[in-house]
*Asks:* 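First, the structure itself, so that you have it in front of you.
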Amino acid sequence: MDLAQQGPTRPLGRAGFSVSALGVGTNRWRQGANDEAVQETYKTLLDGGVDFVDTAEIYAFGKSERLIGDCIGKDGRRAIVATKFAPFVARTSPRHLLAALDASLERLRLTAVDLYYVHFPFPFTEMATFAHGLAEAVKSGKARAVGVSNFSAEQMRRVADHLAKSNVPLAANEVHYSLLHRQAETNGVLDVCRELDVALVAYFPLASGRLTAQPDPAKPGKLDDLQRALGEIGQAHHASQSQVALNWLLARDSHVIPIPGASKARHATENLAALRWTLTADEFARIDAASAALAR
Ligand SMILES: NC(=O)c1ccc[n+]([C@@H]2O[C@H](COP(=O)([O-])OP(=O)(O)OC[C@H]3O[C@@H](n4cnc5c(N)ncnc54)[C@H](OP(=O)(O)O)[C@@H]3O)[C@@H](O)[C@H]2O)c1
């Protein structure tokens, strides 16, 4: 069954396949710590049409990947899985990337991942080196598509150019993007995603939970106007603030795929309901204005 068919999907750039328009971030998933809550979260997400799971070798020192492997084994349904290579010092060659991919696959108990990212640029590593490793990951059949994370517009272009020599598209750039952090709109990343048709996978889309909080009348703060707008618009749609914040990102550009972190089923249920409704143009503009006054 193609789980993504249950709700709105977005193409993963030019990778040739689509994922649910919302994914889930798993840096708080930790085998041995919150197994049952996470397994229930996984089931809730897949039942609700969210099939795009984002992890990394460094999340909880591999325990996030291990728990995703457990979830797939227990649930029986395989989500679309993205994981990442961390190019630390003395670990930057294509050989290191391919060895790290093998280790991730072992923890995930998969023969291939759907998307393999370089987690962040390493200052002394050429973009060609990363691209070479990523292209090899695709050629080996161990990664269906490849991407980068925390790369600038210029770095994206260079990696994409090198990948093109191997006929491999750059599928995604995963960057920090929320109503409180809109640098992707001004630093060229969103523009390059549009131009090259690369998915912009948005991490921290709820500003680590800050966008889900309501203003405290006893303690006025600079987020009050934005939180009030999110709350009031949410009420009009019988929706939570988190759904409004996620819907704003989805409406901002068709390349954006937010990956809110959730390790509790109730949070997953709340967030995935964002896929069932959309903002009006006036609502979008009100949130945009309240956020523009705050966002960096
Ligand atoms: N590529 C990178 O460099 C990078 C860096 C950072 C993060 N990431 C990825 O991005 C993902 C998202 O980041 P994040 O999880 O730190 O930040 P986030 O998505 O902005 O916020 C998640 C936090 O909000 C809570 N939450 C989720 N839904 C909620 C709701 N409906 N109501 C109230 N609280 C809610 C979660 O709680 P519970 O966990 O208790 O459900 C969690 O504490 C990560 O999991 C990771 O996969 C990538």
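No experiment lies behind these values; they were computed from the predicted model shown. Start at 1 and go down the list; that is how both ligands and their atoms are numbered. No hydrogens, no waters, no symmetry mates; every other heavy atom, side chains included, goes into these values. Count residues from 1 along the sequence.
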*Asks:* Strictly below 4.0 Å, N to O, side chains only: are Arg286 and Glu283 in salt-bridge contact?
*Replies:* no
*Asks:* I want to confirm something. Looking only at heavy atoms, which of Val175, Val38, Asn27 is nearest to atom 45 (O) of ligand 1?
*Replies:* Asn27
*Asks:* If the cut-off is 4.0 Å to any non-hydrogen atom of Ala207, which atoms of ligand 1 fall inside it?
*Replies:* 20 (O)
*Asks:* Of all the non-hydrogen atoms in the protein, which one sits nearest to atom 40 (O) of ligand 1, and at what distance?
*Replies:* Lys264 NZ, 2.6 Å
*Asks:* In the protein, which heavy atom is nearest to atom 2 (C) of ligand 1, and how far is it?
*Replies:* Tyr203 CE2, 3.3 Å
*Asks:* Salt bridge check, Asp35 against Lys74: does any charged N sit closer than 4.0 Å to a carboxylate O?
*Replies:* no
*Asks:* What is the nearest protein non-hydrogen atom to atom 30 (C) of ligand 1, stated with its residue, atom name and distance?
*Replies:* His267 CD2, 3.4 Å
*Asks:* Per the ring pair (Phe, Tyr, Trp, His ring centres under 6.0 Å) rule, what does the pair list look like for residues 30-50, sequence neighbours excluded?
*Replies:* none
*Asks:* Is Val24 touching ligand 1 with its side chain, its backbone, both, or neither, if touching means heavy atoms under 4.0 Å apart?
*Replies:* neither
*Asks:* Which option wins on minimum heavy-atom distance to atom 47 (O) of ligand 1: Thr41, Asn150, Asp54?
*Replies:* Asp54
*Asks:* Please work out, at 4.0 Å between heavy atoms, whether the side chain, the backbone, both, or neither of Ser242 comes within that distance of ligand 1.
*Replies:* side chain
*Asks:* Identify which of Gly261, Pro260, Ala262 has a heavy atom lying nearest to atom 27 (C) of ligand 1.
*Replies:* Gly261
*Asks:* Taking the six-membered ring for Trp and the full ring for Phe, Tyr or His, determine whether the centres of Phe120 and Phe88 are under 6.0 Å apart.
*Replies:* yes
*Asks:* Based purely on interatomic distance, does Lys84 place a nitrogen or oxygen under 3.5 Å from a nitrogen or oxygen of ligand 1?
*Replies:* no
*Asks:* Which heavy atom of the protein is the closest neighbour of atom 11 (C) of ligand 1, given with residue, atom name and distance?
*Replies:* Ile259 O, 3.5 Å
*Asks:* Between Arg228 and Asp225, is the closest basic N to carboxylate O distance under 4.0 Å?
*Replies:* yes
*Asks:* Could you tell me the residue and atom name of the protein heavy atom closest to atom 31 (N) of ligand 1, and the distance to it rounded to 0.1 Å?
*Replies:* Asn271 OD1, 2.9 Å
*Asks:* Starting from atom 17 (O) of ligand 1, find the nearest protein heavy-atom neighbour and note its residue, name and distance.
*Replies:* Phe204 CD2, 3.4 Å
*Asks:* Apply side chain to side chain donor-acceptor pair (under 3.5 Å) to Ser93 and His96, showing your working.
*Replies:* CA-CA 5 Å; Ser93 73; His96 291 117; 2.9 Å; yes
*Asks:* Could you identify the single nearest non-hydrogen protein atom to atom 39 (O) of ligand 1 and state the distance to 0.1 Å?
*Replies:* Ser263 OG, 2.6 Å
*Asks:* Does the side chain of His237 pick up a donor-acceptor pair with the side chain of Asn247 at under 3.5 Å?
*Replies:* no
*Asks:* With a 4.0 Å cut-off on N to O distance, would you call Glu40 and Lys264 a salt bridge?
*Replies:* no
*Asks:* State the atoms of ligand 1, each with its element, that fall below the 4.0 Å cut-off from a heavy-atom position in Gly25.
*Replies:* 11 (C), 44 (C), 45 (O), 47 (O)
*Asks:* Hey, do the aromatic rings of Phe284 and Trp248 have their centres closer than 6.0 Å?
*Replies:* yes
*Asks:* Relative to the ring of Tyr59, is the ring of His119 parallel (under 30°), tilted (30 to 60°) or perpendicular (over 60°)?
*Replies:* perpendicular
*Asks:* Linking I/L/V/M/F/W/Y whenever their side-chain heavy atoms sit closer than 4.5 Å, directly or via other members, would Ile58 and Val89 fall into one cluster?
*Replies:* no
*Asks:* Enumerate the atoms of ligand 1 whose separation from the nearest heavy atom of His119 is less than 4.0 angstrom.
*Replies:* 1 (N), 2 (C), 3 (O)
*Asks:* Answer yes or no for Tyr59: is there a heavy-atom contact with ligand 1 below 4.0 Å?
*Replies:* yes
*Asks:* I want to check a possible cation-pi pair here: Arg144 against Phe17, using under 6.0 Å from ring centre and within 45° of the ring axis as the test.
*Replies:* yes
*Asks:* Taking the non-hydrogen atoms of Ser240, is any one of them nearer than 4.0 angstrom to ligand 1?
*Replies:* no
*Asks:* Which heavy atom of the protein is the closest neighbour of atom 42 (C) of ligand 1, given with residue, atom name and distance?
*Replies:* Arg28 NH1, 3.5 Å
*Asks:* Just which atoms of ligand 1 are under 4.0 Å from any heavy atom in Gly209?
*Replies:* 21 (O), 24 (O)
